[in-house]
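To keep things clear, I will list the structure first and then write my remarks on it.
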Amino acid sequence: MAYQGSMKIKGSSTAAAATISASNFGRAHFVRVQSQAAANTITLKNASGTTLGTLILVTAGDSIIIEKEETDTIATSGNAVGSAVSSPR
C-alpha cells in the first residue's frame, strides 16, 4: 500500500535495482524504504553491528518509514530504494 502521509525528503535516494547494504543514510533519524522485491527482509543494526530488529516487506512496492538512531544502519535482503525523510506527519 502506498504511503498516504506527508514528509520532507532529506537526501538522495539509493540506487534502484540494488540491495541496501548497511547504510546510515547520512545519519538520518527517519528513513523511508520501498521494496522492489517480494519477501524483502529489512534489518536494523546499531553502530557495533548488533541486530536491533528485522521486518519483512511482503510485496514489491510495500514501504515503511523507520525511526532510528543516527549511527544505526539499514540493510535489505533484496532490491529496495531508501531515502532520508523527516518525521512522518
If I compare all heavy atoms of [X] with all of [Y], which pair ends up nearest, and what's the gap?
X	Y	answer
Ala80	Val33	CB-CG1, 4.2 Å
Ala75	Ala22	CB-N, 3.7 Å
Leu52	Lys45	CD1-C, 4.0 Å

To the closest 0.5 Å, what do you measure between [atom1] ([X]) and [atom2] ([Y])?
X	Y	atom1	atom2	answer
Ser83	Lys10	OG	NZ	12.0 Å
Thr76	Ile20	OG1	CD1	4.5 Å
Gln34	Ile64	CD	CD1	12.5 Å

Which residues pass the side-chain contact (heavy atoms from CB on, under 4.5 Å) test with Glu67, sequence neighbours left out?
->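 Applying side-chain contact (heavy atoms from CB on, under 4.5 Å) to Glu67 gives Phe30.
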State which residues pass side-chain contact (heavy atoms from CB on, under 4.5 Å) with Ala28; sequence neighbours excluded, sorted by chain then number.
-> Phe25, Val31, Ala84
Transitive ILVMFWY side-chain link Leu57 to Ile74, under 4.5 Å = yes
Going by heavy atoms in the side chains, are [X] and [Y] under 4.5 Å from each other?
X	Y	result
Glu69	Asn24	no
Lys68	His29	no
Val81	Ser13	yes

For residues 36-44, please give each side-chain donor-acceptor pair under 3.5 Å, one per line with the distance, not counting sequence neighbours.
unit_1, atom_1, unit_2, atom_2, d
Gln36, OE1, Ala17, N, 2.8
Asn40, OD1, Ser77, N, 3.2
Asn40, OD1, Ser77, OG, 3.3
Asn40, OD1, Gly78, N, 2.9
Asn40, ND2, Ser35, OG, 3.3
Asn40, ND2, Gly78, O, 3.3
Asn40, ND2, Asn79, O, 2.9

Report, as yes or no, whether the 6.0 Å neighbourhood of atom CG on Leu55 holds more than 12 heavy atoms from other residues, nucleotides or ligands.
->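 Yes, the 6.0 Å shell around CG holds more than 12 heavy atoms from other groups.
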